[in-house]
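What follows is a short report on a single structure.
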Number of protein chains: 2
Amino acid sequence: MMGKAVGLITEYNPFHNGHQYHLQQAKQLTQADTVIAVMSGNFVQRGEPALYDKWQRSAAAVENGVDLVLELPVAFAIQPGPFFAQGAVEILVAAGVSEIVFGAEHAEWDFMALAKAIQQAPDDSQIFQQYDQPYASSYNQMLKERFKIEITSPNDWLGLSYAFALLALGQADQVQLRAIQRQGSAYHAVELHPQQFASATALRQALQNDHLNVEQLALYVPKGTQRLFLEQAPLDWQPVKQWSLLKYIVMTREITELEQIYQLNDGLAQRLQKTVQAYWQLEVLDWDDFMQSFKSKRYTYSRLQRNLLYVLLNITQNEMEFAMQHLYLRPLAFNVQGQAWLKALRKQATLPVIGRVNQENSKTILKLDVRAGRLYEYFQPNHQVSNKDVHQHPFILKGASHEMEFK
Amino acid sequence: MMGKAVGLITEYNPFHNGHQYHLQQAKQLTQADTVIAVMSGNFVQRGEPALYDKWQRSAAAVENGVDLVLELPVAFAIQPGPFFAQGAVEILVAAGVSEIVFGAEHAEWDFMALAKAIQQAPDDSQIFQQYDQPYASSYNQMLKERFKIEITSPNDWLGLSYAFALLALGQADQVQLRAIQRQGSAYHAVELHPQQFASATALRQALQNDHLNVEQLALYVPKGTQRLFLEQAPLDWQPVKQWSLLKYIVMTREITELEQIYQLNDGLAQRLQKTVQAYWQLEVLDWDDFMQSFKSKRYTYSRLQRNLLYVLLNITQNEMEFAMQHLYLRPLAFNVQGQAWLKALRKQATLPVIGRVNQENSKTILKLDVRAGRLYEYFQPNHQVSNKDVHQHPFILKGASHEMEFK
């Protein structure tokens with residue numbers, strides 16, 4: 001490949017000044033010519049649809065200075081941290097990045113060294129493998145005893161997951177993992193403070209509660225994202241639609257069918273059926289209330305939230321396993337720089353590069369993403385473009401990106 | 001059994017003066033002490049939900065003078081005439097009726113004699129077996145040549161189907177089939193004429209378009225049905241709900257899964273997928289327009305309408321076959337007379353008599369009806385009683401029925 005590429009692992013929901021800072025830091029730190037972002041598709045890790053679809057969000061990201069956006073397939077995007085990290089890192093490695101830069105609460109830590117050290121203790125690392133358990137406390141216990149540290153921020157957890165992923169791929173020495181200090185709002189901060197970097201959560205809430213006008217918006221998000229907001233309102237995600245579908249699915253499918261759904265095992269299908277029947281008569285329900293009844297000590301809230309999305313997407317155990325074993329590089333948006341990198345990549349990538357969706361791949365490796373794209377459209381009122389995953393071409397930005405204006 | 005029972009095959013959607021006439025003629029003609037009606041459940045033959053659920057409609061029927069209402073299971077209720085007739089007749093025979101009285105356009109015909117004569121010609125009777133084809137014309141060609149008659153009315157077709165069903169059960173001589181002349185509006189007449197018997201179609205339209213007030217209503221429907229209307233508005237069936245579910249199902253299920261649905265074979269699954277995708281972007285569509293695109297020469301409109309209901313109910317080929325092979329007698333409503341008949345019946349019925357829904361039968365022989373009950377509730381806004389098929393007890397009318405007032 002010509003030059004050097006740095007990789008970012010993102011959801012961009014939406015791309016805000018914090019992401020802009022992350023992008024600029026990554027460039028300055030690595031002096032890379034090309035920035036490649038792997039980005040969740042239409043649904044994000046918490047098990048919800050994104051505010052804008054993957055085509056819109058990736059276009060905004062390129063307008064904001066990213067050179068190439070590759071899709072993180074739904075099979076990895078809607079997974080707990082370790083799987084999410086595994087898919088993202090494998091894609092960036094196959095895309096030829098030599099460094100991965102991520103934001104952390106403790107940027108001073110050497111996450112790779114920590115991961116290697118943990119791997120020395122197979123018993124303890126087992127704990128880490130129990131993805132679906134709320135394992136943080138027991139795990140932190142171990143970390144405290146052995147390494148005198150505690151991991152409390154989601155970003156630090158992810159950083160460690162990236163390191164484990166590189167180790168699993170045997171790329172620990174080829175690809176450098178670099179943490180940068182997160183600035184401004186922590187990920188979950190819910191209030192907006194002008195001049196600060198808004199957290200995605202705060203932006204989402206401000207947008208959905210309609211507090212934000214264009215002038216205010218400009219304080220928090222760069223040009224590309226502003227255009228997005230001006231063109232179209234973000235998806236107004238209403239759990240009532242999810243509830244309506246859940247009711248329908250649970251009542252028309254036998255338990256044995258429900259148990260085919262990925263991770264809806266160990267009695268979860270029965271538990272879901274019981275819970276849905278308890279709320280049966282409600283047309284509109286308090287989603288958190290429902291989730292609290294569905295929740296058990298054994299599973300985290302977000303695990304179950306993702307689980308319900310697997311149900312809506314009708315993803316079976318087999319389909320998920322197949323998808324996780326058949327990763328690919330799917331460009332969603334790029335500029336001329338990214339286009340050049342992509343051209344070189346096609347010759348030597350270790351994963352298939354998806355140019356266009358066709359009869360064959362839409363029924364095999366792209367199946368779940370096409371399905372997720374349709375469900376996303378289902379949740380969009382009066383969507384104009386239909387079956388977008390099949391028809392949409394990647395966004396190509398000719399000439400300089402808006403990013404210059406932020407330099 | 002004590003006394004004599006006459007059987008009626010009905011949908012009662014809703015029970016109107018025409019049904020009242022049918023009921024009274026049946027009693028006078030047969031001098032039976034007990035009138036047993038087999039009635040479609042929550043969905044009717046055209047593949048739509050009934051205006052009131054089966055519990056409400058059967059209660060009204062008993063208030064209007066029927067002694068015992070048995071459910072025609074969904075596996076037979078949502079089928080073409082011959083299957084519909086087969087299930088209904090088998091239930092009435094098992095319920096111990098000695099006569100079946102039905103309304104026909106040509107009451108003077110001897111339907112049983114006709115059926116026997118047709119059976120002499122195996123080749124031609126084959127034509128009759130092709131339930132799903134629009135076979136009427138070729139069949140009528142044969143009837144004209146051999147018997148100098150033509151069958152044009154749905155009721156005459158059904159009459160012939162009842163005869164074939166009795167023959168198939170070897171009950172042609174034990175159970176007498178009696179046709180009575182249909183009065184007033186033909187089944188499909190769409191205008192209301194006071195003093196006439198309103199057709200179900202006309203009543204449905206008048207009700208759904210809100211033209212009818214209580215006084216006018218009294219001209220067309222007996223007391224029991226009036227009470228029903230005064231208590232609650234009929235179900236406002238909106239194809240938009242069906243469309244929303246169809247979109248969801250088609251987009252989240254693979255063709256191979258769709259092909260498991262009963263009768264969604266021979267390329268119909270692909271055809272459905274193509275048609276749904278063509279209308280994809282519409283939130284609300286013109287249902288007839290959609291159906292015309294889905295329709296092909298090969299299948300009748302109502303066959304496809306039923307087919308879409310199989311899809312919504314997620315009824316597989318195997319489930320349907322099992323249900324059709326496991327008929328039962330399920331009382332929905334009865335008066336003291338019907339209760340006595342039921343008591344005697346329990347001792348000697350050739351089909352299981354379902355007292356209450358339990359863990360076992362709700363997962364086996366009642367599975368599809370419980371599922372249909374849930375889907376019906378799903379279409380009911382703010383339904384008060386939930387999962388009715390599991391909890392509801394039959395309606396029992398003590399003392400005299402309103403019917404007296406009509407004598």
Side-chain angles (χ1 to χ4, degrees), chain A residues 241-258 260-261 273-274 276-284 309-316 318-319 322 359 362-364 367-368 370-391, chain B residues 241-258 260-261 273-274 276-284 309-316 318-319 322 359 362-364 367-368 370-391:
Chain A
K241 292 179 178 176
Q242 179 166 354
W243 170 236
S244 177
L245 288 181
L246 257 187
K247 265 167 76 167
Y248 169 73
I249 294 164
V250 167
M251 74 185 160
T252 50
R253 295 190 144 204
E254 297 302 308
I255 285 290
T256 51
E257 287 177 279
L258 290 174
Q260 303 303 308
I261 302 291
Q273 192 183 52
K274 279 205 184 65
V276 166
Q277 284 182 6
Y279 287 81
W280 190 252
Q281 279 161 266
L282 301 181
E283 291 250 311
V284 179
L309 186 52
Y310 304 147
V311 173
L312 293 193
L313 285 168
N314 189 33
I315 301 179
T316 65
N318 293 341
E319 286 178 322
F322 178 88
Q359 281 295 324
S362 65
K363 289 184 171 54
T364 53
K367 186 169 75 174
L368 296 187
V370 169
R371 199 185 293 170
R374 294 206 187 113
L375 184 65
Y376 187 86
E377 287 171 5
Y378 185 80
F379 287 135
Q380 271 177 317
N382 313 311
H383 53 282
Q384 285 317 296
V385 186
S386 168
N387 216 348
K388 219 171 175 181
D389 262 44
V390 175
H391 303 117
Chain B
K241 291 179 177 175
Q242 179 166 352
W243 170 236
S244 177
L245 288 181
L246 256 187
K247 264 167 77 166
Y248 169 73
I249 294 164
V250 168
M251 76 185 156
T252 51
R253 295 190 145 204
E254 297 302 308
I255 284 291
T256 51
E257 288 178 277
L258 290 175
Q260 303 303 310
I261 301 291
Q273 193 183 52
K274 278 204 186 64
V276 166
Q277 283 182 7
Y279 287 81
W280 189 252
Q281 279 161 267
L282 300 181
E283 291 250 309
V284 179
L309 186 53
Y310 304 147
V311 173
L312 292 193
L313 285 167
N314 190 32
I315 300 179
T316 65
N318 292 340
E319 285 177 323
F322 178 88
Q359 282 294 325
S362 65
K363 289 184 172 52
T364 53
K367 186 169 76 173
L368 296 186
V370 169
R371 199 185 293 170
R374 294 209 187 109
L375 184 65
Y376 188 85
E377 288 171 5
Y378 184 82
F379 287 135
Q380 271 177 315
N382 313 311
H383 54 281
Q384 286 315 296
V385 186
S386 171
N387 217 347
K388 221 172 175 181
D389 262 44
V390 175
H391 305 301

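In what follows, chains carry the letters A, B, and so on, assigned in the order in which the sequence lines appear, proteins first and then strands, with residues in each chain numbered from 1. On a predicted model such as this, the values are computed, not experimentally measured, just so you know.
B:Lys241 pairs by the side-chain hydrogen bond (donor to acceptor under 3.5 Å, both in side chains) definition with nothing, not counting sequence neighbours. Qualifying side-chain hydrogen bond (donor to acceptor under 3.5 Å, both in side chains) partners for B:Arg371, counting only residues two or more places apart in sequence or in other chains: A:Glu254, B:Glu319.
Of the two parts of B:Leu313, only the backbone, made up of N, CA, C and O, holds a non-hydrogen atom closer than 4.5 Å to a non-hydrogen atom of chain A. With a 4.5 Å cut-off on non-hydrogen atoms, B:Leu312 touches chain A through its backbone and its side chain both. For a residue to count as touching a neighbouring chain, one of its non-hydrogen atoms must lie under 4.5 Å from one of that chain's; by this rule B:Lys363 does not touch chain A.
Nearest heavy atom pair, residue B:Tyr248 against residue A:Ile249, reads OH-CD1, 3.0 Å.
In this structure, the side chain of A:Asn314 engages the main chain of B:Thr252 through a donor-acceptor pair within 3.5 Å.
Expressed to the nearest 0.5 Å, how far CD of A:Glu377 lies from NZ of B:Lys247 amounts to 9.0 Å. For the atom pair CD (A:Glu257) and CD (B:Glu257), the distance works out to 9.0 Å, reported to the nearest 0.5 Å.
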